[in-house]
Colleague: 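First, the structure itself, so that you have it in front of you.
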Amino acid sequence: MTTDHVTVPEDGEKITLADEETGELNVPANPIIPIIHGDGIGTDVGPAAQQVLDAAAEATGRSIAWMRVHAGESAREKYDENLPQETVDAIREHRVAIKGPLTTPVGAGFRSLNVALRKKLDLFANVRPTYYLEGVPSPVTDPEEMDMVTFRENTEDVYAGIEWEAGSEEVQQAKEFVEEEMGIDDIIHDGPVGIGVKPITEFGSKRLIREAIDYALANGRDTVTLVHKGNIMKFTEGAFRDWGYELAEEEYGEDVITEDQLWDEHDGDQPEGTVVVNDRIADNMLQQVLTRTDEYDVVATMNLNGDYFSDAAGAQIGGLGIAPGINRGHGRALAEPVHGSAPKYAGEDKVNPTAMILSGREMLEYLGWSDAADLVRDAVEETIASGRVTYDLHRQIEGGEKLATSEFADAVVENIEDLA
Ligand code: NAP
């Protein structure tokens, strides 16, 4: 690996692959972890998360050797490009990393660096857990009913970014293909048009759904819900659903049953240790998550639905300041919060670092450091439950103490030390 603007820490060891087939890792007690602080509020939440994760590692007899790598604004300053190869190589080589948010211009300008990173590293599953922490203000009456994990496909769907701009030669070719070759001449109105392509493959769908089912089985979850708009987009979103059921039948034997089997063969009584696979149409699911929250467990869906769904679910447990995520591939992971770079708050030491800290918790789980991961969750919960919160939660609760980003991180570290 070349190191133009990256210092490889000397006090850390590299994580390596233990098993090619399963993607299992060899994790030393002092792993080198690349970190991208990110744009906007990334410079606030990145260091705060590092401080908390360091404390959790130390409290459990380990250490993290951080390796700063760059993307977005800091990469433009150092390399004069948005996503240097060195950054991609560092994450690929060290296998497990964490990043803050990166800004994506709307309408024009460069494509999303987040999407590019996930695709270049083949991090096909964007895993977004939504669970309630005591003391977090919520717009719903029973937020504690929310305990879901969304598996969002990361490499295809409309996010694959195959689209052509109105007025371009490519869009003209695509329009002619649709109208002349395919004979569909009554859909596209005259005048400027933008055209996009939505690929959904059997391979992409099955590997994502497999990841979701494996997770459900390993973590004692009851259901995996395939969320799709297959009634309208039959051969893309509908196929995703069909491939999901096919996979459940082909690969899991009696461990996984469908919702139909649950009622037809088991009278609605789920056999111990099994996972039920069901499916819901996306628009219905957005209301089910509000009205029947506790009936859902693990959700597997395509990229765009997953983006909408996880933000909506996140709103029920405290919003974007709280919601964590991790992108997982085969023997590789990149943790990142659901929120963006919120440029208006950049550098103000104001925003909530919980989402970034809890993304770090997901990273610790991925490393197999469950004790450290639990400590992080418990310490964050204790801090919030005691009313010591950042502005976003403070404006929604009576009383409480408003903390800066860095003060919140200090308070969580204190609680880690007390709990350890
Ligand atoms: P955003 O950055 O997530 O911010 C939207 C609002 O959410 C903020 O104004 C703030 O609300 C609240 N918020 C977000 N993070 C918070 C935190 N840590 N603590 C407290 N409140 C928080 O969304 P955006 O404004 O739509 O996007 C800004 C940029 O981020 C865009 O360029 C977008 O493409 C990018 N983005 C990147 C990622 C990523 O890197 N994975 C993800 C999403 C968006 P209030 O103002 O109401 O307090």
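We use all heavy atoms of the structure for the numbers below, so side chains are in, but hydrogens, waters and symmetry mates are not. Model, not experiment: these values are computed from the prediction. Every number for a ligand or one of its atoms is a count from 1 in the order of the listing.
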Colleague: Suppose I only count heavy atoms of Ile41 and a 4.0 Å limit; which atoms of ligand 1 are within that range?
Modeller: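 With Ile41 as reference, the close atoms of ligand 1 come out as 15 (N), 18 (N).
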Colleague: Hey, is ligand 1 close enough to Gly340 that some N/O pair sits below 3.5 Å?
Modeller: yes
Colleague: Would a distance-only check, ignoring hydrogens and angles, find a side-chain to backbone donor-acceptor pair under 3.5 Å from Arg332 to Arg92?
Modeller: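 Confirmed, Arg332 side chain pairs with Arg92 backbone.
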Colleague: Pull out every atom of ligand 1 sitting under 4.0 Å from any heavy atom of Asn114, numbered as shown with elements.
Modeller: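 That gives atoms 37 (C), 38 (C), 39 (C), 40 (O), 41 (N) of ligand 1.
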Colleague: Looking at every heavy atom in both Arg128 and Asn126, which two are closest together, and how far apart are they?
Modeller: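 What the structure gives for the nearest pair is NE-OD1, 3.1 Å.
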Colleague: So is Ser341 in contact with ligand 1, going by heavy-atom distances below 4.0 Å?
Modeller: yes
Colleague: Measure Asn352 to ligand 1 on non-hydrogen atoms and call it side chain, backbone, both or neither using the 4.0 Å cut-off.
Modeller: both
Colleague: Would Arg118 count as a contact residue for ligand 1, given that I'm defining contact as a non-hydrogen atom of the residue lying under 4.0 Å from a ligand atom?
Modeller: yes
Colleague: Is Tyr345 close to ligand 1, meaning an N/O of one under 3.5 Å from an N/O of the other?
Modeller: yes
Colleague: Just jot down the ligand 1 atoms closer than 4.0 angstrom to any heavy atom of Asp392, in number order.
Modeller: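 Here the atoms of ligand 1 in question are 20 (C).
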Colleague: Take His228 and Asp279, measure what side chain to side chain donor-acceptor pair (under 3.5 Å) needs, and give me the verdict at the end.
Modeller: CA-CA 8 Å; His228 61 88; Asp279 75 279; 2.7 Å; yes
Colleague: Report yes if Pro343 has an N/O atom closer than 3.5 Å to an N/O atom of ligand 1; otherwise report no.
Modeller: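 It does not: no N or O of Pro343 is found under 3.5 Å from an N or O of ligand 1.
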Colleague: I need the atoms of ligand 1 closer than 4.0 Å to a non-hydrogen atom of Thr103, numbered in the order shown.
Modeller: 32 (O)
Colleague: With a 4.0 Å heavy-atom cut-off (strictly under), which part of Met356 contacts ligand 1: side chain, backbone, both or neither?
Modeller: neither
Colleague: May I ask you to decide whether Asp371 forms a salt bridge with Arg62, counting only side-chain N to carboxylate O separations under 4.0 Å?
Modeller: yes
Colleague: Of all the atoms in ligand 1, which lie at a distance below 4.0 Å from a heavy atom belonging to Glu336?
Modeller: 41 (N)
Colleague: Measuring from Arg361:CZ to Leu53:CG, what's the distance to the nearest 0.5 Å?
Modeller: 11.5 Å
Colleague: Quick test of your reading of the structure: of Lys99, His339, Lys350, whose heavy atom lies closest to atom 15 (N) of ligand 1?
Modeller: His339
Colleague: Heavy-atom distance under 4.5 Å between the side chains of Glu73 and Glu77, does that happen here?
Modeller: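 A side-chain contact under 4.5 Å exists here.
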Colleague: Please report the C-alpha distance between Glu86 and Lys78 in whole Å, then the side-chain angles of each, then the deciding distance to 0.1 Å, and finally whether the side chain to side chain contact (heavy atoms under 4.5 Å, CB included) criterion is met.
Modeller: CA-CA 12 Å; Glu86 194 166 76; Lys78 288 188 188 310; over 6 Å; no
Colleague: Mind checking side chain to side chain contact (heavy atoms under 4.5 Å, CB included) for Phe177 and listing every partner two or more places apart, or none if nothing turns up?
Modeller: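 Checked Phe177 against side chain to side chain contact (heavy atoms under 4.5 Å, CB included); matches are Glu181, Met182.
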Colleague: What atoms in ligand 1 come closer than 4.0 Å to a heavy atom of Thr104?
Modeller: 31 (C), 32 (O), 34 (O)
Colleague: Which ligand 1 atoms are under 4.0 Å away from a heavy-atom of Lys344?
Modeller: 9 (O), 46 (O)
Colleague: Could you name each residue pair satisfying salt bridge (Lys or Arg N to Asp or Glu O under 4.0 Å) that touches residues 139-166, not counting sequence neighbours?
Modeller: Asp147-Arg221, Arg152-Asp307, Asp157-Lys198
Colleague: Is it true that Val338 lies under 4.0 Å from ligand 1, counting heavy atoms only?
Modeller: yes
Colleague: Hey, is CG on Asp80 packed in by over 12 heavy atoms from elsewhere, all under 6.0 Å?
Modeller: no
Colleague: Should you measure from each heavy atom of Leu320, which atoms of ligand 1 turn up under 4.0 Å away?
Modeller: 3 (O), 7 (O), 14 (C)
Colleague: Is Asp374 salt-bridged to Arg377, going by a charged N under 4.0 Å from an acidic O?
Modeller: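 Judged by the 4.0 Å cut-off on N to carboxylate O distance, Asp374 and Arg377 do not form a salt bridge.
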Colleague: Tell me whether Ala342 has any N or O atom under 3.5 angstrom from an N or O of ligand 1.
Modeller: yes
